[in-house]
Amino acid sequence: MKILFHICNIYSDQTFTLEADGDPTTLTMDVEVAVPESGKSMEITFYDVEKDMKTSCCGRKTEKDGSTRITTK
């Protein structure tokens, strides 16, 4: 998921700890969000992880060796 704030102020006492494996990272952020003239203070985009496919010479689709790709919903 991607969250986009068009105009915001993130306060200076924030920390992020991201790890490649283990428990999911949770965070709490103090953010002041302004509403621009468009009226949209933020946008959220959701993503899916799909198995990546390849097309054989016969036109059949088969799964690539463990490959994935990110697509928007």
Side-chain angles (χ1 to χ4, degrees):
M1 169 172 63
K2 174 177 75 173
I3 301 174
L4 172 67
F5 296 104
H6 296 283
I7 303 171
C8 73
N9 179 30
I10 299 174
Y11 296 103
S12 62
D13 58 345
Q14 309 306 311
T15 59
F16 294 92
T17 303
L18 303 175
E19 297 181 19
D21 51 279
D23 292 332
T25 299
T26 60
L27 57 102
T28 303
M29 288 181 24
D30 290 326
V31 179
E32 181 180 0
V33 178
V35 180
E37 290 181 12
S38 68
K40 293 173 75 175
S41 58
M42 67 181 231
E43 293 178 38
I44 300 175
T45 305
F46 294 93
Y47 294 95
D48 278 332
V49 178
E50 297 179 348
K51 294 182 183 214
D52 205 3
M53 306 296 277
K54 63 182 177 182
T55 305
S56 68
C57 60
C58 304
R60 287 192 356 211
K61 290 197 173 208
T62 57
E63 197 177 307
K64 283 187 181 178
D65 300 327
S67 297
T68 58
R69 61 190 179 101
I70 306 297
T71 60
T72 57
K73 286 187 175 182

Measure the [atom1]-[atom2] distance between [X] and [Y] for me, rounded to the nearest 0.5 Å.
| X | Y | atom1 | atom2 | value |
| --- | --- | --- | --- | --- |
| Ile10 | Met29 | CD1 | CE | 4.0 Å |
| Glu32 | Ile7 | CD | CD1 | 11.5 Å |
| Lys51 | Thr62 | NZ | OG1 | 12.5 Å |
| His6 | Glu43 | NE2 | CD | 3.5 Å |
| Phe46 | Thr71 | CZ | OG1 | 13.5 Å |

Would you call [X] and [Y] a side-chain contact if the rule is heavy atoms closer than 4.5 Å?
| X | Y | answer |
| --- | --- | --- |
| Val49 | Tyr47 | no |
| Glu63 | Met53 | yes |
| Val31 | Asn9 | no |

For this session: Flag yes if more than 12 heavy atoms outside Asp13 fall under 6.0 Å of its CG atom; otherwise flag no.
Result: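 Atom CG in Asp13 is packed in, count exceeds 12.
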Problem set entry | Closest non-hydrogen atom pair, Ser41 against Ala34 |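 In terms of heavy atoms, the two residues are closest at CB-O, 4.0 Å.
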Exercise. Are Tyr11 and Met42 joined in one hydrophobic group, where the rule is that I, L, V, M, F, W and Y side chains link up if heavy atoms are under 4.5 Å apart?
Worked result: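 Unlinked, Tyr11 and Met42 end up in two clusters.
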Problem set entry | Path from Ile3 to Val33 over hydrophobic side-chain contacts below 4.5 Å |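 Yes: a chain of side-chain contacts under 4.5 Å links Ile3 to Val33.
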